[in-house]
Amino acid sequence: MPARKKRLRTIRRAVFDILEGGRRGEVTARILNDFVIVLIIANVGAAIVETVSWIQADYGAIFNAFDTVCVTIFIIEYAARIWTAPENPIFRQLNPWKARSRFAAAPLMIIDLVAIIPFFLEFLLPADFAILRVLRFIRFFRLTRYSTAMGTIGRVLAAERRSLFAAAVLMISAMLVSSVAMYLAERFAQPDKFGDVPSAMWWSIVTLATVGYGDVVPITLIGKVIGGVTIIIGLGLFALPVAIVATGFQNEIHRRDFVVSYGLVARVPLFSHLDADGIVQVVRMLSARRVPAGAIIVRRGEPADAMFFIVSGSVEVAVRGKPVKLIAGEFFGEMALLARSERTATVRALEPSELLVLESADFERLVENDPHIAEAITAIVDRRAGAEIAS
Ligand code: CMP
């Protein structure tokens with residue numbers, strides 16, 4: 001490789017580490033993360049304040065300049081993320097432009113792009129379209145990249161979707177029954193407010209949600225009785241989704257809450273040769289994951305982004321021929337990382353298990369820096385690959 005190209009690759013790698021290294025707590029990466037977070041918040045704050053007409057009239061030029069600075073930084077950041085995409089271990093086996101186009105289609109990158117676009121639209125469409133100004137608030141969603149809690153909420157909603165759907169069906173049923181009952185009870189007394197079922201539905205939603213604007217109220221005795229029952233049902237029904245999400249949140253947090261300690265890592269055979277400093281470094285690279293019995297941890301054919309060490313419990317590798325059981329102290333998920341290929345087998349938890357997760361960037365760093373670990377992993381990979389050929 002020519003020296004210039006090599007230097008460019010080194011720079012690209014360093015930029016990638018800064019952009020994506022915040023999670024590992026590296027100082028430069030953390031400073032950049034914090035700076036961008038502050039910038040996003042300041043930018044959205046400015047967009048809100050700017051809608052006050054006298055502020056816009058007196059300080060419009062300053063706000064515009066600040067917006068230009070923010071968007072310039074966002075564009076540089078976006079371009080740098082796209083440029084460094086080939087360094088992402090998930091895309092390493094792809095050619096650089098394919099890696100970039102795949103990365104550009106990722107949801108977080110689309111949010112980043114949508115956050116930039118309004119700036120240019122305002123230039124292209126010089127009229128003062130309020131909608132374009134409003135689009136700037138989308139920038140707030142850029143914070144999802146920096147918030148692991150947002151990811152947790154997404155996972156909780158996905159995991160509890162069946163219970164939430166059931167709660168929604170119950171609520172819709174209550175709304176239908178109460179609005180039809182109210183229509184029957186009040187349609188002659190208040191034809192303007194309860195003269196048809198859709199009008200009664202408005203009352204029903206406001207009452208079931210326990211908001212009660214008071215713009216529409218029953219006046220007949222039977223109407224008041226229906227109203228009272230609806231209020232009580234509403235209290236119970238609205239507590240349901242809140243409880244489902246709260247419990248899901250609790251479970252999700254508990255699932256991840258065991259701490260990666262020095263002792264845990266020192267007990268992993270692959271790391272037993274490391275001295276105290278070495279173990280402290282590995283502790284920083286690992287994160288914890290609890291998986292329930294039956295959970296599929298990696299799926300054959302999927303791209304690989306991490307390898308796993310079993311702390312407690314056991315997993316089954318669906319090797320063709322005879323499934324292999326792996327227990328505490330063993331690891332899996334290393335083959336695809338090493339070969340930069342797709343997962344060679346599906347791995348499922350046989351019981352509730354605790355795993356240590358080593359993401360691919362850290363895996364590469366570890367293998368590059370510690371020949372002993374590289375050798376030990378390669379020896380096991382050879383044995384496993386041999387077993388597969390034999391079966
Ligand atoms: P990977 O290909 O990343 O994902 C599936 C994992 O299953 C693989 O890495 C290995 O860690 C593991 N695996 C594959 N074949 C065997 C085997 N024959 N014995 C034990 N583990 C295996």
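We count ligands from 1, going down the list as the structure has it; atoms in each ligand are counted the same way. Positions are given from 1 along the sequence.
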**Report entry** Trp202 versus Asp215, side-chain donor and acceptor atoms under 3.5 Å
**Finding:** yes
Query raised in the report: How does Thr346 reach ligand 1, if at all, at less than 4.0 Å between non-hydrogen atoms: by side chain, backbone, both, or neither?
Result: neither
Query raised in the report: For atom 22 (C) of ligand 1, which candidate among Arg383, Arg299, Arg384, Arg300 provides the closest heavy atom?
Result: Arg384
Query raised in the report: For ligand 1, is any non-hydrogen atom under 4.0 Å from Val319's backbone (N, CA, C, O), its side chain (CB onward), both, or neither?
Result: side chain
Query raised in the report: Considering only heavy atoms of Phe332, which atoms of ligand 1 have at least one such atom less than 4.0 Å away?
Result: 11 (O)
Query raised in the report: Transitively linked via ILVMFWY side-chain contacts under 4.5 Å: Val319 with Ile327?
Result: no
**Report entry** Check: Phe309 and Leu286 side chains under 4.5 Å, non-hydrogen atoms
**Finding:** yes
Query raised in the report: Does ligand 1 have a heavy atom under 4.0 Å from the side chain of Ala336, from its backbone, from both, or from neither?
Result: both
Query raised in the report: If you count the atoms of ligand 1 from 1 in the order shown, which ones are under 4.0 Å from a heavy atom of Val317?
Result: 7 (O), 12 (C), 13 (N), 14 (C), 21 (N), 22 (C)
Requested in this report: Looking only at distances, please establish whether an N/O atom of ligand 1 is found under 3.5 Å from an N/O atom of Glu334.
Outcome: yes
Query raised in the report: Think Arg384 forms a cation-pi with Phe331, using NZ or CZ under 6.0 Å from the six-ring centre and within 45 degrees of its axis?
Result: yes
Query raised in the report: What atoms of ligand 1 come within less than 4.0 Å of a heavy atom belonging to Thr344?
Result: 1 (P), 2 (O), 4 (O), 5 (C), 8 (C), 14 (C)
Query raised in the report: Is Gly333 near ligand 1, meaning one of its heavy atoms is under 4.0 Å from it?
Result: yes
Query raised in the report: Aromatic rings Trp203 and Phe194: how do their planes relate, parallel, tilted or perpendicular, breaks at 30° and 60°?
Result: perpendicular
Requested in this report: Tell me yes or no: between the side chains of Ser204 and Ser178, is some donor less than 3.5 Å from an acceptor?
Outcome: yes
